[in-house]
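Within every chain, numbering begins at 1; the chains are lettered A, B, ... in the order of the sequence lines, protein sequences first and strands thereafter. Worth knowing before you read on, the calculation uses all heavy atoms, side chains too, and leaves out hydrogens, waters and symmetry mates.
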There are 2 protein chains.
Amino acid sequence: MATIKDVAAHAGVSFKTVSRVINRHPHVTDAVRQKVLRAIEDLDYRPNIVARNMRTRKTEYIGLITDQIMTTPFSGAIIKGAQEAAWTSGIMLLTVNTDGQPELEAAAVNMLLERQVAGIAYATMFHKAVAPPAKLTDAPCILVDCFSASGELPAIVPDEMQGGYDATRHLLSRGHRRIAMINGKRGYPGTEGRLNGYRKALESADLAYDEALVRFGDWWQEDGYHHACCLMKLPDPPTAICCGNDRIAMGVFAAVHELGAAIPDDVAVIGFDNMEVIAAHLRPGLTTMALPYYEMGQRAIEYLTGDRCDDLQNGRRIELPCLLIQREST
Amino acid sequence: MATIKDVAAHAGVSFKTVSRVINRHPHVTDAVRQKVLRAIEDLDYRPNIVARNMRTRKTEYIGLITDQIMTTPFSGAIIKGAQEAAWTSGIMLLTVNTDGQPELEAAAVNMLLERQVAGIAYATMFHKAVAPPAKLTDAPCILVDCFSASGELPAIVPDEMQGGYDATRHLLSRGHRRIAMINGKRGYPGTEGRLNGYRKALESADLAYDEALVRFGDWWQEDGYHHACCLMKLPDPPTAICCGNDRIAMGVFAAVHELGAAIPDDVAVIGFDNMEVIAAHLRPGLTTMALPYYEMGQRAIEYLTGDRCDDLQNGRRIELPCLLIQREST
DNA sequence: TCTCCGCTTGACAACGTTGTCAAATTGAAT
DNA sequence: ATTCAATTTGACAACGTTGTCAAGCGGAGA
């Protein structure tokens, strides 16, 4: 590999002048610049970023630590968003998948710090409270799709309440008055946030909250199937079901079809997650709330690069909105 | 950040001695080593990998350029395999998603070369011929799930023929003698390789190749549906269908159900890809050939790190086997 | 005690780049 | 022609580490 000195010798100038050309510094005459550029071309010279980073004592790297994100289809968009935001800032992302194992996480943080990353984003597969590795805070950091139990770390999460609210408002706007919810497991931010949104939306329409219509499962198809069967057999069954995710919705579809009812005419169904393979392939297509994975990844990197001046001091967090994806099930 | 010199001063030794301790070099007395280790602990010192890389003129980075892999659920395992292989070698992966845009690819290669990567893997979402960016060969490189048209670059690809062969042999072993194939688009390595495997398997069972039973589509659900309908209406319909991928199989399921036939009793169905969300959630579960994505990613990195002495000179390539995932549809 | 050898330690250069500062050159104004 | 300021260029140090080599030290054998 040619170095800056080779270029200088080839162009007949000092290597400092070459440095100036490379970095587009002022005070280089056009003639000299051309000479240098030609030499760079001739020698197929590429600046050695490692050496540059060494001298300037900053790197163009940002770390991204994920738990199982890489393996799952949906939250993978976090990585994509982060990747693309980094790319537009000329930064490279160092992605490490730890499968959530604490020792791996600590090792990953260490590896990133040794490499002098400008910051670290720590992302999880689904929205939850986490205890990130201690050394994480040795670099500027941000939590993505999760938050620290103590709440002092900057975080970017989905606005679950708005999601639940908008989903329910959508069903209301379609004329439904008896709206059920088959939610995920209690205690999770997603479950509780969406539940609150659901209640708020009902309130906004002067509808009473009916406990019989609200059920909690484990985010699986089977839960959706089971609870949908129960709900449909109520004396006064719901005309719409808001599901905690698309897999639950898939189960609801199965139950509704089995009972000989039609979607959306007899029951409208809305999901959460917008998992392409499910939502777009169910018949009818599933209306669902897309979580802002891509945007969360993007915002995290923008925060770390300082491209956007988000104030996340003192436990403040960014809540990004969920987006209604309208298909045929509502 | 503390440097090696700070540690040396704190421990009362020369900074070279600290370097020796860090790198586990011999010729350091235990007493000194302990002193140094304590100083490292005290100052929370972490070696600066950037500086080390600068001095040793190698880096612990390998680049991974992908087209749309990140966005798609299935071939994402390539990244995972690469990631984990890199991790076990203490190497960090620099992943760039280019969406297949040539200018982005060239820029990505440049960015990686500037960062002095030890090698570059270039992976595609599905098995095909590619024309990778010219500068790719400025570093050790390998193609993953693709190959160069001219054939001179090292490549790791799935063994499509073995896949088609094993899939068909599996159906034969289940007693089927009239086996159809709904394949992908002609001209693609996957399509042609699996077709050849299918023919070989028939031959191995002394069965004639019947053109009427072999169909080509575009890898979509609709193609599977359409061709399955045609096949089932033949005077002598097949008792088993080998599908070019799981989406096609999904369409076949729909057609078979609609015609009132049962899987696997009336028709056995086998797919390709093992897309969890489809294969595991269809009823009955879909038997399918899993492509060796994870292994391809892993092998690519092992090749680049030299952890495994694969000889890929002169256009030789590694073909990794597809794996039968048995579920209930056969 | 002296010599020699092997182990331990340290001084210094080097990696390829950018920052600092001074020297050289140019051009305008006198 | 001379001066002065502004522009252009280059010499050198510095970043934090590892490689090279020489010096110091301790112990065994004479």
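Atoms NE2 and OG1, from B:His27 and B:Thr29 in turn, are 12.5 Å apart once rounded to the nearest 0.5 Å. Remark: B:Ile4 CD1 to B:Leu43 CG distance equals 12.0 Å, nearest 0.5 Å.
Contact between the side-chain N/O atoms of B:Thr3 and the OP1/OP2 oxygens of D:dG16 is not found at any separation under 4.0 Å. Considering only side-chain N and O atoms, B:Arg52 lies under 4.0 angstrom from the phosphate OP1 or OP2 of D:dT18.
A:Arg115 and B:Glu60 are joined by a salt bridge, as a carboxylate oxygen and a charged side-chain nitrogen come within less than 4.0 angstrom of each other.
Counting only heavy atoms from C-beta outward, the side chains of A:Ile120 and A:Ile65 approach each other to under 4.5 Å. Between B:Leu291 and B:Glu160 there is a side-chain heavy-atom pair separated by less than 4.5 Å. Contact annotation: the side chain of B:Arg46 approaches that of A:Lys135 to within less than 4.5 Å [non-hydrogen atoms, C-beta and beyond]. Inter-residue side-chain proximity for A:Asn274 and A:Leu323 is flagged as unmet; no heavy-atom pair is nearer than 4.5 Å.
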Discussion item. Working note: B:Asp145 + B:Ser75, criterion side-chain hydrogen bond (donor to acceptor under 3.5 Å, both in side chains); need CA distance, chi angles, decisive distance, verdict.
Written reply: CA-CA 9 Å; B:Asp145 203 20; B:Ser75 48; 5.9 Å; no
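To the nearest angstrom, C1' of D:dG16 lies 15 Å from CG of B:Leu43. Rounded to whole Å, atom C1' of C:dT17 lies 13 Å from atom CD1 of A:Ile40. Atom OH in A:Tyr45 sits about 10 Å away from atom P in C:dG16, given to the nearest Å. The distance between atom CD1 of B:Ile4 and atom C1' of D:dG19, rounded to the nearest whole Å, is 13 Å. With rounding to whole Å, B:Lys58 atom NZ is found 16 Å from C:dC15 atom P. At whole-Å resolution of the value, CZ in A:Arg115 and C1' in D:dT17 are 15 Å apart. Counting to the nearest Å, the P atom of D:dG19 and the CZ atom of B:Arg57 are 12 Å from each other.
Listed for the A:Gln68 side chain is a donor-acceptor partner under 3.5 Å among the backbone atoms of A:Asp99. With hydrogens and angles ignored, the 3.5 Å screen pairs a side-chain donor or acceptor of B:Thr59 with a backbone N or O of B:Gln116. For A:Asp6 (side chain) and A:Thr3 (main-chain N/O), a donor-acceptor pair under 3.5 Å exists by modelled atom type.
Across B:Tyr188, B:Phe147, B:Tyr293, a single residue satisfies ring-ring contact (aromatic ring centres under 6.0 Å, His included) together with B:His127, and that is B:Phe147.
Between the side chain of B:Arg55 and the base of D:dT18, at least one donor-acceptor pair of N or O atoms lies under 3.5 Å.
Direction of the helix axis in the helix from C:dT1-D:dA30 to C:dT30-D:dA1 shifts by 50° between the two five-pair termini, rounded to 10°.
When each of C:dT17, C:dG16, D:dT17 is scored by its nearest atom to the side-chain atoms of B:Lys5, the top-ranked nucleotide is D:dT17.
A:Asn23 comes within 4.0 angstrom of sugar-phosphate atoms only, judged by non-hydrogen atoms across all strands, and of no base.
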Polar-atom pairs under 3.5 Å, protein N or O versus N or O of nucleotides 6-10 of chain D: list them with distances, or write none.
residue : atom : partner : partner atom : Å
D:dT8   : OP2  : A:His27 : ND1          : 3.4
D:dT9   : OP1  : A:Thr29 : OG1          : 3.1
D:dT9   : OP2  : A:Thr29 : N            : 3.1
D:dG10  : OP2  : A:Ser14 : N            : 3.0
D:dG10  : OP2  : A:Ser14 : OG           : 3.1
D:dG10  : OP2  : A:Thr17 : OG1          : 2.6
D:dG10  : N7   : A:Arg20 : NH2          : 2.6
D:dG10  : O6   : A:Arg20 : NH1          : 3.4

Under 3.5 Å, which N/O atoms of the protein pair with N/O atoms of nucleotides 22-25 of chain C?
none

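Heavy-atom distances to DNA chain C give each of B:Met54 and A:His25 a nearest nucleotide, and the one nearer the 5′ end belongs to B:Met54.
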